[in-house]
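Encoded as structure tokens, the structure appears first; notes follow it.
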Amino acid sequence: MARNSEKAMTTLARWRAAHLDKTTDRGDRRPFLASECDDLHKSEKWRRQIIGEVSRKVAQIQNAGLGEFKLRDLNDEINKLLREKGHWEDRIKELNGPDYRKVGPRMLDHEGKEVPGNRGYKYFGAAKDLPGVRELFEQEPPPQSRKTRADLMKNIDADYYGYRDEDDGVLVPLEQEHEKEVIASYVAQWRARKEAMLSGEIPKTDDVASDEEDIYAVKEHESDEEADSSLTEASTAESQFIAHVPIPSQKEVEEALLRRKKMELLQQYTSDTLQMDTSETKKMLGL
């Protein structure tokens, strides 16, 4: 025969106990719709009850080991309770109670601004790290602004063009040392080449520096008659120059300058009437 404790744990006994609780505490259960409650104190009671349930579920959702499906279900239940809490707050306001939407705390970020999407579906605890959810919280980097010409020229100074590279006293000694090494190497090459030419290892015709073209030299394949003919052609070209403009002689230039000087003196010391009289007198005298 079964004991009384075993009888109490049967499925029928538990269902009967739950049914009795429902019938006896029907008036104390939270209504399905907030509009069914007309009592302000009870509405505030149901609101506090919902807040307690939300806080318990938020504590549970912090555990990342519950699994993806359990975390998603808990997050859905929390959002459902938050929507229900909003309905009760609206009902409390309709019953001339306080407006909890204005008085209640808001979700703010580290800068004190309200979190975007605060009024929609929210994610809590470990649900923020679920696949597909993490990307929603990653902020896109701000687009890089294109630099203007003024921004590019802002940091350009004399150092950019290398005008003050020698002021540090390091570059000049290094350049001088390198220059001495290069000159010494070229001098050594020239001496070695010269010694090789003197010893006969390299023919002298290979020395390009000494082979300068003589413009006055007669080519080997060119005969003496051809050279003389080229010289005569150049001399005849110079003698055949014809001037198309008459060139005055030295004496004519001196006479023209003397006449011009006389005219300048006459204009300086005589008047116009006197000049006219003298010119008429010269005409009458035939001068």
Side-chain angles (χ1 to χ4, degrees), residues 58 61-68 71 75 105-222 224 226-227 230-231 233-235 237-238 241:
V58 168
I61 205 173
Q62 304 298 325
N63 185 9
L66 295 177
E68 179 181 353
L71 290 174
N75 201 77
R106 298 180 181 179
M107 297 179 65
L108 305 177
D109 57 4
H110 63 282
E111 295 180 356
K113 299 179 181 179
E114 189 172 0
V115 177
N118 186 24
R119 302 181 184 279
Y121 192 88
K122 305 176 185 65
Y123 291 91
F124 301 90
K128 295 180 180 179
D129 297 329
L130 293 175
V133 180
R134 190 183 302 106
E135 291 77 5
L136 299 176
F137 292 92
E138 293 179 355
Q139 296 182 355
E140 296 182 359
Q144 295 182 356
S145 59
R146 187 175 180 180
K147 292 185 178 181
T148 60
R149 188 177 182 85
D151 296 335
L152 295 175
M153 299 294 293
K154 187 183 297 181
N155 298 324
I156 294 179
D157 51 3
D159 293 333
Y160 177 81
Y161 295 101
Y163 290 144
R164 292 184 292 194
D165 291 345
E166 301 176 356
D167 295 347
D168 54 359
V170 177
L171 186 61
V172 174
L174 293 175
E175 289 181 349
Q176 292 176 354
E177 185 179 355
H178 182 69
E179 184 179 359
K180 290 179 182 179
E181 293 177 358
V182 172
I183 292 173
S185 63
Y186 278 109
V187 169
Q189 291 178 6
W190 177 78
R191 287 178 179 176
R193 187 180 181 83
K194 188 175 181 180
E195 291 176 358
M197 290 175 62
L198 292 174
S199 63
E201 296 178 0
I202 300 176
K204 293 183 180 181
T205 54
D206 293 341
D207 192 4
V208 181
S210 62
D211 294 342
E212 297 180 357
E213 183 180 359
D214 189 3
I215 61 175
Y216 299 104
V218 180
K219 298 180 181 179
E220 294 179 357
H221 63 274
E222 186 179 2
D224 295 339
E226 292 177 355
S230 62
L231 292 174
E233 288 177 359
S235 60
E238 292 179 357
F241 178 74

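Keep in mind the model is a prediction, meaning the values are calculated, not measured.
Taking all atoms of both residues into account, the shortest heavy-atom contact from Ile61 to Phe124 is CD1-O, 3.5 Å. The minimum heavy-atom distance between Ala126 and Ala64, with the atom names listed, is CB-CA, 3.8 Å. Shortest non-hydrogen contact noted between Glu68 and Pro131 is OE2-CG, 4.1 Å.
Between Leu152 and Ile156 there is no side-chain heavy-atom pair separated by less than 4.5 Å. Side-chain contact between Glu177 and Glu181 is present, with at least one heavy-atom pair separated by less than 4.5 Å. Side-chain contact between Tyr121 and Asn75 is present, with at least one heavy-atom pair separated by less than 4.5 Å. Counting heavy atoms from C-beta outward, Tyr163 and Asp157 have side chains that stay 4.5 Å or more apart.
Rounded to the nearest 0.5 Å, atoms CG (Leu171) and NE2 (His178) are 11.5 Å apart. Separating the CG atom in Leu198 from the CZ atom in Arg193 is a distance of 12.0 Å, to the nearest 0.5 Å. One finds the NZ atom of Lys194 at 9.5 Å from the CE atom of Met197 (value rounded to the nearest 0.5 Å).
Listed by chain and residue number, Asp151 satisfy the side-chain hydrogen bond (donor to acceptor under 3.5 Å, both in side chains) test with Thr148 (two or more places apart in sequence, or in another chain).
Remark: Glu179 CD is loosely packed, at most 12 non-hydrogen atoms of other residues, nucleotides or ligands lying under 6.0 Å away.
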